[in-house]
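This report refers to the structure that appears directly beneath it.
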Number of protein chains: 2
Amino acid sequence: MVMDFSQIRRNEHLPARIASQIGREISDGRIAPGEKLPTEHILAKTFGVSRSVVREAIAQLRNEGLVETRQGVGAFATDFEHRQSIRIEQGNLADHASFQSLFQLRLPLEIEAAGLAAVNHTAEDLVKLDEALEQMTGGEKWTEKGVLADLAFHRQIAASTHNEYFLLFLGFIAERIHLAINTAREAAVLTEIVEVTIAEHVAIRDALASRDPIRAREAMRHHLHGAASRLDLQLKVY
Amino acid sequence: MVMDFSQIRRNEHLPARIASQIGREISDGRIAPGEKLPTEHILAKTFGVSRSVVREAIAQLRNEGLVETRQGVGAFATDFEHRQSIRIEQGNLADHASFQSLFQLRLPLEIEAAGLAAVNHTAEDLVKLDEALEQMTGGEKWTEKGVLADLAFHRQIAASTHNEYFLLFLGFIAERIHLAINTAREAAVLTEIVEVTIAEHVAIRDALASRDPIRAREAMRHHLHGAASRLDLQLKVY
DNA sequence: TATTGTACGGTTGTCTGATAACCTTATATG
DNA sequence: CATATAAGGTTATCAGACAACCGTACAATA
């Protein structure tokens with residue numbers, strides 16, 4: 001029996017495919033920055049799709065900051081310096097060096113966040129922090145739920161800074177890191193040293209509660225360096 | 001004659017506005033994660049625009065990872081675990097508090113970057129750094145070109161860490177900040193104290209060149225706090 | 001009863017064609 | 001020469017249609 005997979009594989013979002021194709025033209029420099037793209041009509045003809053699809057593709061590129069469109073003029077390739085959003089492909093973090101780099105970035109942010117949270121947190125913040133801590137210490141020690149509680153703990157610290165951007169960036173970064181860890185199945189390693197981890201979290205919490213930014217920063221630094229060494233990361237430090 | 005302002009005002013880029021409006025519904029939790037959005041037809045009716053515009057808006061949200069669409073079923077708000085990107089609406093930074101928050105976030109990143117750059121930079125990095133510095137000190141002191149050189153200087157420091165994420169995040173943040181400053185026309189204030197700023201930059205450069213991370217961090221911290229006070233920001237510090 | 005097949009309504013995906021808004025360029029006009 | 005106007009091209013938006021696909025309800029079958 002012969003199956004025709006080329007027919008079945010026809011799917012996977014037409015505009016996205018065309019967008020990445022045009023995007024590659026730009027990234028590879030075949031369309032120089034500032035240069036005008038072909039008109040929508042021409043692109044539609046070239047790819048053999050309708051103008052709607054081309055428009056959606058271009059809209060996506062514009063959203064990523066790769067092109068700018070001017071009504072009545074055309075679409076132009078921009079250079080990649082001013083894009084409107086940050087994006088991390090999950091695949092990138094499979095690489096150990098890349099993962100380590102992201103962790104290195106997280107370090108100063110978490111430390112600073114701990115310091116700010118120590119100063120800015122409210123009573124409600126502390127309650128939520130304790131709830132997350134509760135879930136970590138509770139019965140089933142390091143299940144999926146425990147990992148989520150760990151995430152929630154750090155997220156709550158970011159929220160306790162009352163700085164929207166710390167929450168936005170740290171939430172994003174921590175999420176990527178935890179996801180990368182999970183897919184790498186390194187969580188197994190963590191099971192054994194869970195007591196240590198919890199103790200470090202408690203130390204952070206206590207420093208926060210006593211509104212001591214210096215101690216909070218130090219506790220967070222200690223925790224992250226511990227976590228890093230457990231993950232076999234070699235972070236620069238001085 | 002009655003005008004319906006609840007409908008979208010249509011002076012510029014309709015889909016982007018609708019996207020951010022729907023996006024806010026999701027971010028603020030009025031549409032719960034996993035919940036289904038109204039159909040495109042209904043959304044089109046609600047906003048008083050055509051389905052094409054709604055589709056482009058949803059495409060944008062999907063690109064940002066806030067919604068997922070399934071053909072024949074509908075569009076769903078994703079739980080923010082798989083949000084693939086960070087985005088900052090430029091309008092948000094018009095608010096002084098928000099601008100200050102972003103600057104506060106930038107602080108620890110720049111400082112850490114300075115420390116890492118002091119350790120990791122290569123000879124070429126230093127050359128590029130000096131080129132940026134050259135453009136700042138050159139003839140026309142604080143024109144648009146000078147501002148760009150300032151940006152390039154900080155960008156080069158981020159690059160000198162040889163950590164892709166520092167470059168990605170700091171480049172992004174610094175860009176937003178400089179844009180916000182420019183649109184607020186606060187650049188005029190900077191004109192007078194340009195000598196101070198340049199001196200601070202030189203101090204950073206020298207610390208970097210001598211591969212002294214502690215001094216580099218301190219120089220960067222001093223510079224940013226100086227810049228902050230010039231911008232009338234009140235940053236938390238301890 | 002339990003499983004499978006099928007028809008149906010609803011939703012997103014794509015196509016087509018038209019009109020509006022806008023920009024650039026060329027031409028006419030004084 | 002400078003300015004106004006017309007023309008043509010391009011993107012933005014609109015409207016309506018059909019295709020592809022999904023979930024469900026219900027009938028058919030074993």
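Just so we're on the same page: letters track the sequence lines, and every chain starts at 1.
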Salt bridge flag under 4.0 Å for residues A:R62 and A:E68: no

Just compare C:dC23, C:dT11, D:dA12 and give me whichever is closest to any side-chain atom of A:V73. C:dC23

Please determine if a side-chain N or O atom of B:R62 lies less than 4.0 Å away from the OP1 or OP2 oxygen of C:dG13. yes

Ranking A:H41 and B:R70 by the position along DNA chain D of their nearest nucleotide, the one closer to 5' is A:H41

Provide, to the nearest angstrom, the distance between the CZ atom belonging to B:R55 and the C1' atom belonging to D:dA17. 14 Å

Does A:R51 make a side-chain N or O approach to OP1 or OP2 of C:dT16 shorter than 4.0 Å? no

Measure from the side-chain heavy atoms of B:V53 and tell me the nearest of D:dT13, C:dT14, C:dT12. D:dT13

So, are B:R155 and B:E110 salt-bridged, with charged N and O less than 4.0 Å apart? no

Do A:Q71 and D:dA12 have a side chain to base donor-acceptor pair shorter than 3.5 Å? no

Out of D:dA12, C:dG13, C:dC15, whichever nucleotide has its closest atom nearest the side chain of A:S52: C:dC15

Select one nucleotide: of C:dT14, D:dC14, D:dA12, the one nearest the side-chain heavy atoms of A:S50. C:dT14

Look at B:T69 and C:dG13 and indicate whether a side-chain polar atom (N or O) is within less than 4.0 Å of OP1 or OP2. yes

